[in-house]
Amino acid sequence: MHDIKAIRDDSSAFVRGLTRRGLGDAQALADGLLVQDKALRDLLVRLQTDQARRNDASKLIGQAKAKKDEALAASLMAEVAGLKESIQQGEASQRELEDALKQALAVIPNIPADDVPDGADEAANVPVAARAFGKAPGINAPKQHFEIGEALGLMDFERAAKVSGARFVYLKGDLARLERALGAFMLDTHTQKFGYTEMAPPVLVKSPALFGTNQLPKFEEDLFRTTNEDPFWLIPTAEVSLTNYVSDEILNEAELPLRFTAFTPCFRAEAGAAGRDTRGMIRQHQFSKVELVSITTPDQSNAEHERMTDAAQEILKALDLAHRVVTLCTGDMGFGAKKTYDIEVWLPGQNAYREISSCSNCGDFQARRMNTRFRNTEGKVKGPVHTLNGSGLAVGRTMVAILENYQQPEGSVAIPAALQPYMGGKKVIEKL
RNA sequence: GGAUGGGUGGCCGAGUGGUUUAAGGCAGCGGUCUUGAAAACCGCCGGGCCUGCAAGGGUCCCGUGAGUUCGAAUCUCACCCCAUCCGCCA
């Protein structure tokens, strides 16, 4: 969420940033916000003047009563009584104006960082040459992952449809184990090589948490929720649970950065994706993912973003999976991001690079929504922290990549060396 | 789900209607002393917002919301959360 004071101080930066994102009416939006802001501040000046008079007079009433000066007390009481109504009205107006302003701010996306390339959609994303890794393996007539998995008898979409409908899958035998192995391998890598703290977080959360990480109020249709009056929501990503771990807190600068990782199921309604990726495991209502979240000071977040992307890439390198990294352009970035790197893994069966991780620096955008600040070593509150999140990696899609890149002509799938210890030393996945 | 007890500043904790700007302690920061440190002593020490060039001034916040009152941390109502016990349960 944006800071209204920053918009007040420099509305042109705000307008420029949103225009780069492709919002056509950014100037009108800013003007409207500033009108609301001015109305609120004018009201506060009036209201606080009244409150000050009431407080002074009330104090004098106490003193007059102590001196038994009933006449003075009575006249002061009459004066304060007259203020009462206007104060109550003012307080109600304050609430309305503040709520309206917050609502307006809550649906405005973050401003892109200066070094984010301009562009309307994914066609304008820019490859990061230095981060490219590996070469597409030469596979003759490559099969898609679901063909491989079903032929092995280890992947069952039909029965999943019977039980849960479209966009679910049963994994069996070594593929079920592979999911668990991937989760363990990723967690071990992030905790041991990159200093992340492993978490086992809630996957049902309350609305304020989803407001904190931008899913609410704007993207409600992407989420599942329970039917209680005060509902729980199923997390679409562990970013929600891990980032909100520090909501409503003032952290000490000395304990930053905080780095959290978790292996969790994720749930997405995929409301706007009808007809896309309908076959296979690429787009499911439920999938598992290892998530990375960092909480940093403002001056650390850019370096942390590179480091987090390194950590995510490290998994693909260890699995020897060809991939590339692109910097998302202004028009393709998520709502809360200042800058995002997508990691795209090569899928021989699709003959294409597909997203397997997205690492974003959100700057202070989520921290302001969550009310998370930090205090320096002198004890002074220095303002909102910065938050970053990234997939490290999407486990289902990693399995897809392994199946397609390690497929053997006769239908079996080699297990990457780094995973073999997690698969009981097994080297190949074969038909059940 | 039932019963009881609780929610106060970074932490612990006092405070049952005005004369208080939420006592006191711990932690933190600065200083005295010391070769250095500890101890002791002295001082500083919550957050948001409005206003102001600044110094400063004002206002709101004692779980949340509504109410009573000239005035609420304190009284009333509703709700949320936590703890303990009981019931149920993986």
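Computed over heavy atoms, backbone and side chain alike; hydrogens, waters and symmetry mates excluded. Please read these numbers as outputs of a predicted model, since none were measured by experiment.
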Task: Nearest-angstrom distance from the residue atom CZ of A:Arg375 to C1' of B:G47 - done: 9 Å
Task: Distance in angstrom units between A:Leu47 CG and B:C49 P, rounded - done: 17 Å
Task: Any strand: nucleotide that pairs with B:A3 via Watson-Crick or wobble, under 3.5 Å - done: B:U84
Task: Pairwise 5' ranking along RNA chain B for A:Glu91 and A:Glu98, keeping only the more 5' one - done: A:Glu98
Considering only distance and modelled atom types, tabulate donor-acceptor pairs under 3.5 Å from the side chains of residues 259-275 of chain A, sequence neighbours left out.
{"from": "A:Arg259", "atom 1": "NE", "to": "A:Glu304", "atom 2": "OE1", "distance (Å)": "3.4"}
{"from": "A:Arg259", "atom 1": "NE", "to": "A:Glu304", "atom 2": "OE2", "distance (Å)": "2.8"}
{"from": "A:Arg259", "atom 1": "NH2", "to": "A:Glu304", "atom 2": "OE1", "distance (Å)": "2.8"}
{"from": "A:Thr261", "atom 1": "OG1", "to": "A:Glu291", "atom 2": "O", "distance (Å)": "2.9"}
{"from": "A:Arg268", "atom 1": "NE", "to": "A:Pro236", "atom 2": "O", "distance (Å)": "2.8"}
{"from": "A:Arg268", "atom 1": "NH2", "to": "A:Pro236", "atom 2": "O", "distance (Å)": "3.0"}
{"from": "A:Glu270", "atom 1": "OE1", "to": "A:Arg283", "atom 2": "NH1", "distance (Å)": "3.4"}

TODO: Using the P atom as the reference point in each nucleotide, state the distance between B:U32 and B:C82 in Å, no decimals.
DONE: 49 Å
TODO: Return the nucleotide paired to B:U20: Watson-Crick means purine N1 to pyrimidine N3 with N6-O4 or O6-N4, wobble means G-U with N1-O2 and O6-N3, both under 3.5 Å.
DONE: none
- [ ] Assess whether atom NZ of A:Lys317 is packed by more than 12 heavy atoms of other residues, nucleotides or ligands within 6.0 Å.
- [x] yes
Open item on the list: Classify A:Arg368 by what it touches in the nucleic acid, base, sugar-phosphate, or nothing, heavy-atom distance under 4.0 Å.
Closed with: nothing
Task: Pairwise C1' distance for B:G17 and B:C89, with rounding to whole Å - done: 47 Å
Task: Partner nucleotide, any strand, of B:U59 [Watson-Crick/G-U, under 3.5 Å] - done: B:G48
Open item on the list: If I take atom CD in residue A:Glu253 and atom P in nucleotide B:G10, what distance separates them, rounded to the nearest angstrom?
Closed with: 18 Å
TODO: If a pair satisfies side chain to side chain donor-acceptor pair (under 3.5 Å) and one of its residues is in residues 99-112 of chain A, list it, with sequence neighbours excluded.
DONE: none
- [ ] Would you list the pairs meeting ring-ring contact (aromatic ring centres under 6.0 Å, His included) in which at least one residue belongs to residues 272-304 of chain A, sequence neighbours left out?
- [x] A:Phe168-A:His285, A:Phe224-A:His285
Task: Within 6.0 angstrom of A:Lys218 NZ, more than 12 heavy atoms from elsewhere - done: yes
Open item on the list: How close do A:Ala312 and A:Leu393 get, counting heavy atoms only, and between which atoms?
Closed with: O-CD2, 3.6 Å
- [ ] For B:G46 and B:A73, measure between their C1' atoms and round to the nearest Å.
- [x] 16 Å
Open item on the list: Rounding to an integer number of angstrom, what distance separates B:A22 and B:G9 when you compare their C1' atoms?
Closed with: 9 Å
Task: Length of the line joining A:Leu251:CG and B:C11:P, which is rounded to integer Å - done: 12 Å
Open item on the list: Can you list everything that forms a side chain to side chain contact (heavy atoms under 4.5 Å, CB included) with A:Leu44? Sequence neighbours excluded, please.
Closed with: A:Leu40, A:Gln48, A:Gln94
Open item on the list: Need the pair for B:C75. Rule: Watson-Crick or G-U wobble, both distances under 3.5 Å, any strand; none if unpaired.
Closed with: B:G67
Open item on the list: Expressed as a whole number of angstroms, how long is the span from A:Ile250:CD1 to B:G28:P?
Closed with: 18 Å
TODO: Please state how far atom CG in A:Asp248 lies from atom C1' in B:G48, giving the value in whole angstrom units.
DONE: 13 Å
- [ ] Using the P atoms only, state how far B:C61 lies from B:U21, rounded to an integer number of Å.
- [x] 13 Å
TODO: Can you tell me, in whole Å, how much space there is between the P of B:G1 and that of B:U19?
DONE: 42 Å
Open item on the list: I'd like to compare against my own output: the B/S/- annotation of nucleotides 64-83 of chain B with a strict under-4.0 Å heavy-atom distance to protein.
Closed with: -S---SBS------------
TODO: Using whole Å, report how far CG of A:Asp9 lies from C1' of B:C53.
DONE: 15 Å
Open item on the list: Over all strands shown, is A:Asn55 touching base, sugar-phosphate only, or nothing at heavy-atom distances under 4.0 angstrom?
Closed with: sugar-phosphate
Open item on the list: Applying side chain to side chain donor-acceptor pair (under 3.5 Å) as the test, list every pair that has at least one member in residues 413-425 of chain A; sequence neighbours left out.
Closed with: A:Asp188-A:Tyr422
Open item on the list: Checking contacts here: which listed nucleotide (B:G58, B:G47, B:U51) is nearest the side-chain heavy atoms of A:Val45?
Closed with: B:U51
Task: B:U51 phosphate, OP1 or OP2, under 4.0 Å from A:Arg41 side-chain N/O - done: yes
TODO: For A:Leu101 and B:C50, give me the distance from atom CG to atom P, rounded to whole Å.
DONE: 11 Å
- [ ] Please check if atom CG in A:Asp121 has more than 12 non-hydrogen atoms from other residues, nucleotides or ligands closer than 6.0 Å.
- [x] yes
Task: Inter-nucleotide C1' distance (B:C44, B:C26), Å rounded - done: 16 Å
Open item on the list: Nearest to the A:Arg373 side chain among B:U59, B:G48, B:C49, which nucleotide is it?
Closed with: B:G48
Open item on the list: Using atom P in both nucleotides, what's the gap between B:A72 and B:U64 to the nearest angstrom?
Closed with: 16 Å
